[in-house]
4 protein chains.
Amino acid sequence: MKKGEKRKQELLKIAYDMFLTRGYENTSVDEIIEKAQIAKGTYYYHFQSKEQMLEEVIDMMIDSEIETAKQIIGMDISVPQKIVGIIASMKPTEVEQPIKDTLFQPENVLMHHKVRKQLIDVLTPLLSEVIQEGVDEGIFECDNIPERVKMLLIISDGTFNEGTFSERDISVFIDMTEKLLGAENGTMSFIYDLIDKSEMEGAQ
Amino acid sequence: MKKGEKRKQELLKIAYDMFLTRGYENTSVDEIIEKAQIAKGTYYYHFQSKEQMLEEVIDMMIDSEIETAKQIIGMDISVPQKIVGIIASMKPTEVEQPIKDTLFQPENVLMHHKVRKQLIDVLTPLLSEVIQEGVDEGIFECDNIPERVKMLLIISDGTFNEGTFSERDISVFIDMTEKLLGAENGTMSFIYDLIDKSEMEGAQ
Amino acid sequence: MKKGEKRKQELLKIAYDMFLTRGYENTSVDEIIEKAQIAKGTYYYHFQSKEQMLEEVIDMMIDSEIETAKQIIGMDISVPQKIVGIIASMKPTEVEQPIKDTLFQPENVLMHHKVRKQLIDVLTPLLSEVIQEGVDEGIFECDNIPERVKMLLIISDGTFNEGTFSERDISVFIDMTEKLLGAENGTMSFIYDLIDKSEMEGAQ
Amino acid sequence: MKKGEKRKQELLKIAYDMFLTRGYENTSVDEIIEKAQIAKGTYYYHFQSKEQMLEEVIDMMIDSEIETAKQIIGMDISVPQKIVGIIASMKPTEVEQPIKDTLFQPENVLMHHKVRKQLIDVLTPLLSEVIQEGVDEGIFECDNIPERVKMLLIISDGTFNEGTFSERDISVFIDMTEKLLGAENGTMSFIYDLIDKSEMEGAQ
DNA sequence: GATGAATGAGTATTCATTCAT
DNA sequence: GATGAATGAATACTCATTCAT
């Protein structure tokens, strides 16, 4: 890493926080440089434009997501557990506690949209490998694995990352996952125990 | 309808088109009133703010969507066909030809997000009734119908309304739908013939 | 009073309250008609313009002020007491309890300015008569009565109607009044007992 | 003074003139930048808002007023002459010929109000020192000097800065000033000779 | 007497970006 | 590498007033 890169990384970190908490569109370049204590010129020395900075912030998020996924894959846990681990890691809030659910707030529609799209693209092959492992082990039985994985990711994002969900949502999700992957009934039911009850419908 | 309401409806229609083609955020009030040939004051006489106008535009879309869904339900077609018809109607482009896919373009993330959310909420009970009908007829066999419906809507939106999709996506979707609803293999395979091939991967 | 005059009087009353509490410039015609439950056209049927309405509101205030002053003059109290009574009545808050000091708030600079000017013009001759009465009785001894009265009104407005004042301000005011009118030391010292202590410096 | 400060000072000077001649509220930001030949952004780079600019303009006026007062205090003239000099300097028009009485025109109520308030606060201690000097010299004899000073300022502003005044107003003002400060009859009568007759009642 | 839809000039403010130093 | 003064197009919204019905 070059010398000037260090400051750039700091800037990305600051912007990442601000975009997440206030939304990309509600965060002005002025606010970023004020928080970073740098001059306007310095900002534009490092980034061509605000939008390009957003891309870099997102890349940073995606990279860290891939990292996490790879770590999970390398763990000594069962295939179903790896799947659930990777899906759960899509939610940044699981990792970064102080920032709570903000990526999924209305002010963050644009950023969520971009992240979600790339995340699905990037996680699909990784998760596909895991599923294939499961197929090889005889736990799953299915074809068109990448397409099934994509669907899995779409559903989990749509179900758990927006608004609230109920116990029934979980049970249907488990049922669907098993059938989608051609697993035996009950294979994925351990999911239920992992869910953060505080986010469930009716919870305060 | 009161007298003043007529002009308001015209305005909503114009804004609906503009929001859809250029995106909500990229459409300025100035552009709307210029197209509508009215004065600034007239605009603000009818709408408290641009955002409130967006809400009304969305309400209009939702209302028309409900109307369409109800018509489909009333038709003399099979239950699986009703389901597919309602799901397909979520895409406004099927109805309004001139506006092509724009609701799902990047500039329309915000609007798509809002519409999608409400659409799912509003279509879920309607579609649930249809599924129940199918259960009663013995075509389907499942519990937690509303949750399954919601998942169906999330998937179809995520799969077909964003970016491109392949034949494999369709076949997985059909498989998943059948299993999600507890239908016999092949029940939904007629879907494949309905898909607009021009939107498929590889197609221009 | 004509029939239509009744509604006009109601409107003036409503506007008077609004102007006083929110300031003339911060009160829009829309807000007035909404509170009065009338149409725009009706408003402009009764008033040529918003500014002309302000004049009428001020006239209303001045008229009521004159009325009060005349009543005080007619009372069976001493000349010094009449003087103080009239001066005190300049503050609308003494009469209209719910509206507290608002005429002298920053948002009401314009209205205060206009009222103050007219009030001084209108009260000067009335108060001059009272002073003359005092001269005739031998309590006061001075020439140029109207000019002295005007000065008295300017001081009392500037001292008591804006911001806070202290006991020393009162004692200087009393001293000055006595000397300005050529009264014996102690003639006006009863004023001190009448002052609303709650408005004094240091008071909560 | 930093480099960027120079342009800011120019802007303040321009705004000062415009606020004075046309009134604060009647001067738009557009007009200011057009006269200053700068871009909108430049204006908002230097000032947070139009209102904040007004505060800075007023501060500038107050500062120059204090400067003038201090110069007068340092002069080799009699105490009564110092007093009159300071009071007279409250009127900016005495100093800045091109701007004629505008601060006291109806369109300037707001600005006059703000200036007047601060001016009284700022001049009171300065003038009090002068009075104390006079007391020490045996010319005046009084207590509660700051309160008397404040009253003096209120009266002179109310009498000479608004509308017209007559010879009688002057003579009453002189009489009152002498008595307020406990001076011998005739001490302040030189004032009469200093008054600009062109502003007196009857004069055009 | 009363209505309310229509007007349109006017206003302050935002903000990503540039560039000479 | 870094600065910060300058840019100017863009934007949403206000509000007193008019007038046909």
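So that the names make sense, note that chain A is the first sequence line, chain B the second, and so on, each numbered from 1.
Rounded to an integer number of Å, the gap from B:Lys50 NZ to F:dT14 C1' is 18 Å. Rounded to whole angstrom, the span from the CD atom of C:Glu31 across to the P atom of F:dC15 amounts to 7 Å. The nearest whole Å value for the distance from the CG atom in D:Asp30 to the C1' atom in F:dT11 is 13 Å. Rounding to whole angstrom units, OH of residue C:Tyr45 and P of E:dG4 are separated by 17 Å. The separation between B:Tyr24 atom OH and F:dT11 atom P is 12 Å, rounded to whole Å. What separates NZ of A:Lys8 from P of F:dG1 is a distance of 11 Å, to the nearest Å. Here E:dT17 presents its C1' atom at 15 Å from CZ of A:Phe47, a figure rounded to the nearest Å. If you take OH of D:Tyr43 and C1' of E:dT14, they are 14 Å apart, rounded to a whole angstrom.
The distance from atom OH of D:Tyr16 to atom CD of D:Gln9, rounded to the nearest 0.5 Å, is 13.5 Å. How far CZ of B:Arg116 is from CD1 of B:Ile58: 13.5 Å, rounded to the nearest 0.5 Å. Once rounded to the nearest 0.5 Å, the distance linking CG of D:Asn26 with CD of D:Glu31 reads 8.5 Å. From D:Ile32, atom CD1 reaches atom CD of D:Glu34 across 11.5 Å, with rounding to the nearest 0.5 Å. Atom CG of A:Leu54 sits about 6.5 Å away from atom CG of A:Leu110, to the nearest 0.5 Å.
Not one side-chain nitrogen or oxygen of A:Arg7 sits closer than 4.0 Å to the OP1 or OP2 atom of F:dG1. Remark: C:Tyr44 is in phosphate contact with F:dT17, judged by side-chain N or O atoms under 4.0 Å from OP1 or OP2.
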For residues 35-42 of chain D, tabulate all N or O donor-acceptor pairs below 3.5 Å that involve a side-chain atom, not counting sequence neighbours.
from: D:Lys40; atom 1: NZ; to: D:Asp30; atom 2: OD1; distance (Å): 2.9

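Put simply, the residue from C:Leu119, C:Leu20, C:Leu12 that forms a side-chain contact (heavy atoms from CB on, under 4.5 Å) with C:Met61 is C:Leu20.
Near DNA chain E, meaning a heavy atom under 4.0 Å away, the residues from residues 33-42 of chain D are D:Lys40, D:Gly41.
Remark on DNA chain E: of its neighbouring residues A:Glu25 and D:Val29, the 5'-side contact belongs to D:Val29, judged by nearest-heavy-atom nucleotide.
Nearest nucleotide to the D:His46 side chain, out of F:dA12, E:dT13, F:dA6: F:dA6.
A donor-acceptor pair is defined here as one N or O able to donate and one able to accept, closer than 3.5 Å; such a pair exists between the side chain of D:Asn108 and the backbone of D:Phe19.
For C:Lys50 and C:Tyr24, the positive end sits near the middle of the six-membered ring, less than 6.0 Å away and at most 45° from its axis.
In DNA chain E, runs of at least 3 stacked Watson-Crick or G-U pairs (N1-N3 plus N6-O4 or O6-N4, or N1-O2 plus O6-N3, all under 3.5 Å) give these stems: E:2-21 with F:2-21.
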